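Just so you know, these numbers come straight off a predicted model, no measurement behind them. To find a chain, count down the sequence lines: A is the first, B the second, and so on, and within it residues start at 1.
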There are 2 protein chains.
Amino acid sequence: MGRPTMNDVARNAGVSLKTVSRVVNGETTVDPGLAARVRAAVAALGYRPNLGASMLRRNDRRTRMIGVLLTDLAGPFSAAVHRAVEDEARARGVHVLGGSTDDDPQRAQDLVEAFARRHVDGVILMASAVVDLPSVVIDREAGIDQGMRHLRNHGHRRIAFVEQEVHAVFALPDPPTAILAGSTPVTIEVVRALRERGLRDRVALVGLGDFPAADLLEPAVTVVTQDPGATGRAAAGALFEQIDGGTPGARTISIPTTLIARGSGEIRPATGS
Amino acid sequence: MGRPTMNDVARNAGVSLKTVSRVVNGETTVDPGLAARVRAAVAALGYRPNLGASMLRRNDRRTRMIGVLLTDLAGPFSAAVHRAVEDEARARGVHVLGGSTDDDPQRAQDLVEAFARRHVDGVILMASAVVDLPSVVIDREAGIDQGMRHLRNHGHRRIAFVEQEVHAVFALPDPPTAILAGSTPVTIEVVRALRERGLRDRVALVGLGDFPAADLLEPAVTVVTQDPGATGRAAAGALFEQIDGGTPGARTISIPTTLIARGSGEIRPATGS
DNA sequence: CTGAAAGCGCTAACAA
DNA sequence: TTGTTAGCGCTTTCAG
């Protein structure tokens with residue numbers, strides 16, 4: 001025998017299947033005596049309703065489950081977005097399926113497809129694709145402009161935008177006077193590299209994404225922040241608006257960015273270089 | 001009309017329902033001509049199988065979905081565990097429902113119950129509870145001992161274990177000579193507090209959990225690490241062993257800890273105090 | 001190789 | 001207030 005079903009409960013309580021259904025779903029039009037018997041049977045058998053079966057028959061056809069596809073569930077930005085989405089979802093009795101795309105469009109596509117087979121009510125994704133499901137796209141391109149502008153305003157003309165290959169930058173014949181780091185891990189790598197080379201007070205640095213100890217480093221690190229919590233809340237809000245079918249709702253969430261000047265980004269290039 | 005069903009595809013392709021089922025499930029005992037017609041109909045209608053319905057009828061009764069309950073999906077440790085679990089799950093074609101408990105047992109209980117209604121195949125949880133589902137518990141208590149021992153070995157007798165209330169510690173009549181910080185965010189708060197009070201070279205600090213910039217602070221922060229990736233992989237491995245019904249598998253995963261001495265934890269108490 | 005019938009666990013619509 | 005019947009979309013079983 002597998003898990004007990006509604007039928008088992010009905011038999012045990014000596015009532016009809018439908019009465020059990022009513023009690024389980026909290027309908028108030030059931031005789032208190034019967035309801036008590038049903039609840040006793042539920043407890044005795046360890047019965048738990050099967051949401052999959054109920055959703056199959058139900059009219060609204062909602063699974064009360066959404067998907068969230070982020071670059072990397074382990075990364076600080078994705079993780080914070082995820083949590084914010086979770087909180088919004090929880091408030092609505094909705095569960096969240098998570099997935100990391102590693103910025104691979106094919107993987108994102110596969111995950112969307114897989115979630116669709118599960119009949120998720122909608123999808124939030126940090127990418128640029130569009131899918132044929134209720135969905136909200138988080139656009140993370142913003143922020144680069146702001147960082148670049150800041151460095152230019154401080155006199156820099158040779159600015160490196162660094163992804164992964166941190167050390168290659170310093171091997172260039174005409175090395176940059178300023179660095180814009182593409183993510184938090186990269187920013188920290190750059191700090192480490194600058195120290196090793198004794199350049200920490202000579203090369204400017206702006207990081208994309210804030211991190212907890214940024215203000216405690218020397219020099220403190222200037223960053224362009226994108227509030228992941230606000231982003232997640234906004235995306236979830238827009239998605240649920242779509243799902244609940246009111247207004248169409250926003251399909252793209254752009255993240256407002258803020259530059260926090262702390263020192264490293266305000267270093268000026270050496271004159272006469 | 002809602003989404004097209006297998007019946008719609010069958011009608012469109014001029015075959016029986018069962019033939020569509022065979023093609024969709026990749027059975028090879030179908031005439032290639034019929035299979036091609038079915039595939040064409042699937043594409044034309046934009047048909048997608050309904051996993052919920054199929055799981056209802058299927059014999060193995062697996063949802064191919066597990067739940068992961070962590071302290072905080074946004075926290076670095078939880079997030080890294082989550083990602084590792086996701087990777088293990090993906091390799092098995094399993095999806096992951098995530099949930100933050102904020103270390104509230106009631107909330108953990110509620111989430112387990114909710115996931116059980118969805119018939120998840122199992123649950124991983126970072127807590128100390130046990131549930132009547134295939135499950136693996138991650139025990140995070142370890143590490144405290146190791147940190148304490150380290151500080152005592154360096155001569156400390158008044159050691160504060162700090163959770164949240166960072167500032168209260170310094171208001172004590174007889175303040176500690178060493179601090180053990182319970183989590184990464186707390187560690188960073190303590191660093192900040194020590195600096196504000198000019199105590200950064202006088203009070204020892206050991207943090208539970210490593211963080212990316214720990215070695216770049218001054219003094220660099222001594223930490224007790226728990227490898228979240230290894231933890232997640234181990235927990236997922238143990239859970240899938242249970243689910244696949246081979247050996248019973250471990251029900252509790254203890255995280256091996258390592259102390260990384262970087263400076264802050266090796267400060268000795270002022271003599272004669 | 002293909003199909004018809006039954007039924008997974010549950011809720012909708014209707015009847016008593 | 002309670003129960004009966006039908007059927008959600010799919011897989012199983014068994015017959016052709």
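- Aromatic ring pairs are classed by plane angle as parallel below 30°, tilted from 30° to 60° and perpendicular above 60°; the pair A:His82 and B:His82 is tilted.
- Side-chain polar atoms of A:Thr257 and A:Gln226 form no donor-acceptor pair below 3.5 angstrom.
- Counting only heavy atoms from C-beta outward, the side chains of B:Ser21 and B:Val24 never approach each other to under 4.5 Å.
- A donor-acceptor pair shorter than 3.5 Å can be found between the side chains of A:His119 and B:Arg3.
- Using a 3.5 Å distance cut-off with no hydrogens or angles, the side chains of A:Ser78 and A:Asp72 do not pair a donor with an acceptor.
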Subject >> salt bridge (Lys or Arg N to Asp or Glu O under 4.0 Å) evaluation trace for B:Arg11 with B:Asp8 >> reply: CA-CA 5 Å; B:Arg11 212 156 16 230; B:Asp8 299 325; 3.0 Å; yes
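- Read 5' to 3', the first and last nucleotides of DNA chain D with an atom closer than 4.0 Å to a heavy atom of chain A are D:dT1 to D:dG9.
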Original post:
Which letters describe nucleotides 6-16 of chain C, given B = protein heavy atom under 4.0 Å from base, S = only from sugar-phosphate, - = neither?
Top reply: BBBBBBBS---
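- Legend: residues meeting side-chain contact (heavy atoms from CB on, under 4.5 Å) with B:Arg64, ordered by chain and number and at least two apart, are A:Arg118, B:Arg62, B:Val94, B:Asp121.
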